[in-house]
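First comes the structure, then the notes that go with it.
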Amino acid sequence: MAIFLRNGQKAIYDETQDKQLKKLYGHIAGRAILKVMTLPVITNIGGAYMNSPLSKASIKKFIKKNNIDMTEYEEKSYRSYNDFFTRAIKEGARPIPEDPKVLMAPCDSKVSCYKIEDDTKITIKHTVYKLEDLLKSPRLADEYKGGTCLVFRLTVDDYHHYHYFDNGTSEKEVIIPGIFHTVNPIANDYYPIYKTNTRHYTMIHSENFDDVVYMEVGALMVGKIVNANKKEFKRGEEKGYFEFGGSTVVLLFKKDILNVDEDIIQHSKNHDEVKVKLGERVAIHL
């Protein structure tokens, strides 16, 4: 898998963490280690450290390693690494498109797309899902057959807040707990349901894109999803943010709603991603 810029150039990206996780997921011994690391007592200790002043020492090194442009963010003295990780963007740093028919990226991320069919399998955070397993609802999954799934994968260097892509209203949030087993119950590496991450999703009744499923997928270890749970909202308003850990936003659109930008379609066919910023066009209403 590679990451491309909108001009077609391949982006330079440190894949060390992804490769290490892939090795761990691929072996029973590695999964046993991860099972221990995901125990509540371990994740609580990790979370406490990330929220403590002791973690501040890692911030400068992290900024340099990941070439983060801090001029885009509000100036402040960070209390902890997690305070830095959830940093707020400066007003105006991510312009919102004026055309209401343009679908904007809801966050800084690496995006890929899927056409939703009966046999579609969606890769999210080293796990492959069928849509009914992702949602834990075959009925809801059926409503989106023939539609489009957009996956926005955030990496540790990204702005970790996510926003509403349109005006609208939302229903009650649904929370699906994650699971982690050390042994894959299916002898098929292409559908490893021994691990699923925590998912939060909301049915969005949008003004311009019909009913859309807006899902957040949390990180395996100390990541946390923090949603504002607004009942009414305007395009560009913040929906929530992820605490420490790479995380993912998933948007599901019904049939005959979207025309996804061609570069995203073509790179997705090769199992690659396109780097986008919050507010950037990724599709347009048909």
Side-chain angles (χ1 to χ4, degrees), residues 2-18 47 49-99 102-112 150-166 216 218-219 222-228 233-249 251 261 263-264 267 272-282:
I3 299 169
F4 288 86
L5 305 178
R6 297 310 294 263
N7 63 9
Q9 291 183 335
K10 189 174 180 179
I12 298 173
Y13 176 63
D14 185 356
E15 299 181 61
T16 303
Q17 184 182 48
D18 287 340
Y49 171 75
M50 291 299 178
N51 284 308
S52 76
L54 293 173
S55 62
K56 290 172 61 176
S58 304
I59 295 175
K60 287 185 178 180
K61 182 179 178 181
F62 182 88
I63 292 171
K64 183 177 180 180
K65 179 182 178 181
N66 292 283
N67 297 312
I68 298 174
D69 182 3
M70 292 303 294
T71 63
E72 295 184 334
Y73 298 92
E74 294 180 354
E75 295 182 16
K76 63 174 291 187
S77 177
Y78 297 107
R79 303 185 304 274
S80 65
Y81 186 88
N82 206 27
D83 187 33
F84 157 73
F85 191 82
T86 58
R87 60 195 178 276
I89 204 89
K90 283 182 179 177
E91 186 174 351
R94 298 288 185 270
I96 304 302
E98 294 182 4
D99 185 349
V102 168
L103 179 70
M104 68 177 218
C107 53
D108 289 6
S109 56
K110 289 75 187 173
V111 63
S112 56
L150 290 172
V151 178
F152 299 87
R153 182 176 68 93
L154 289 77
T155 52
V156 291
D157 54 308
D158 284 320
Y159 165 59
H160 264 66
H161 298 238
Y162 42 89
H163 295 243
Y164 291 104
F165 57 86
D166 196 12
E216 300 87 33
V222 297
K224 184 180 178 183
I225 299 165
V226 182
N227 276 323
F233 48 82
K234 297 292 185 181
R235 181 157 75 157
E237 288 183 355
E238 183 178 321
K239 186 178 186 294
Y241 62 89
F242 296 106
E243 291 190 350
F244 176 72
S247 304
T248 301
V249 167
L251 299 180
D261 286 357
D263 62 328
I264 296 173
H267 287 305
D272 294 327
E273 299 169 309
V274 176
K275 185 174 182 178
V276 294
K277 296 287 190 181
L278 166 66
E280 190 172 329
R281 170 179 158 158
V282 294

Less than 4.5 Å apart, side chain to side chain, heavy atoms only: is that true for [X] and [Y]?
X    : Y    : answer
L154 : F242 : yes
K76  : D83  : yes
I225 : Y162 : yes
F233 : K239 : no

I'd like to check the side chain to side chain contact (heavy atoms under 4.5 Å, CB included) partners of [X]; sequence neighbours left out, ordered by chain and number.
X   : value
I63 : I59, I68, M70, F84
K61 : none
E98 : none

Plane angle bin for H161 and Y241 - parallel if under 30°, tilted between 30 and 60°, otherwise perpendicular: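 Tilted.
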CZ (R281) with more than 12 external heavy atoms under 6.0 Å: yes
K234, NZ atom: more than 12 neighbouring heavy atoms under 6.0 Å: no
Electrostatic pair D272-K10, nearest N-O below 4.0 angstrom: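 Salt bridge between D272 and K10, a charged N being under 4.0 Å from a carboxylate O: no.
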R6 with D261: basic N within carboxylate O range, under 4.0 Å: yes
D158 and T155: side chain donor to acceptor below 3.5 Å: yes
Evaluation steps, side chain to side chain contact (heavy atoms under 4.5 Å, CB included), between F85 and H160: CA-CA 7 Å; F85 191 82; H160 264 66; 3.3 Å; yes
Heavy-atom pair of closest approach, residues S55 and Y81: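 So the two residues come closest at OG-N, 2.8 Å.
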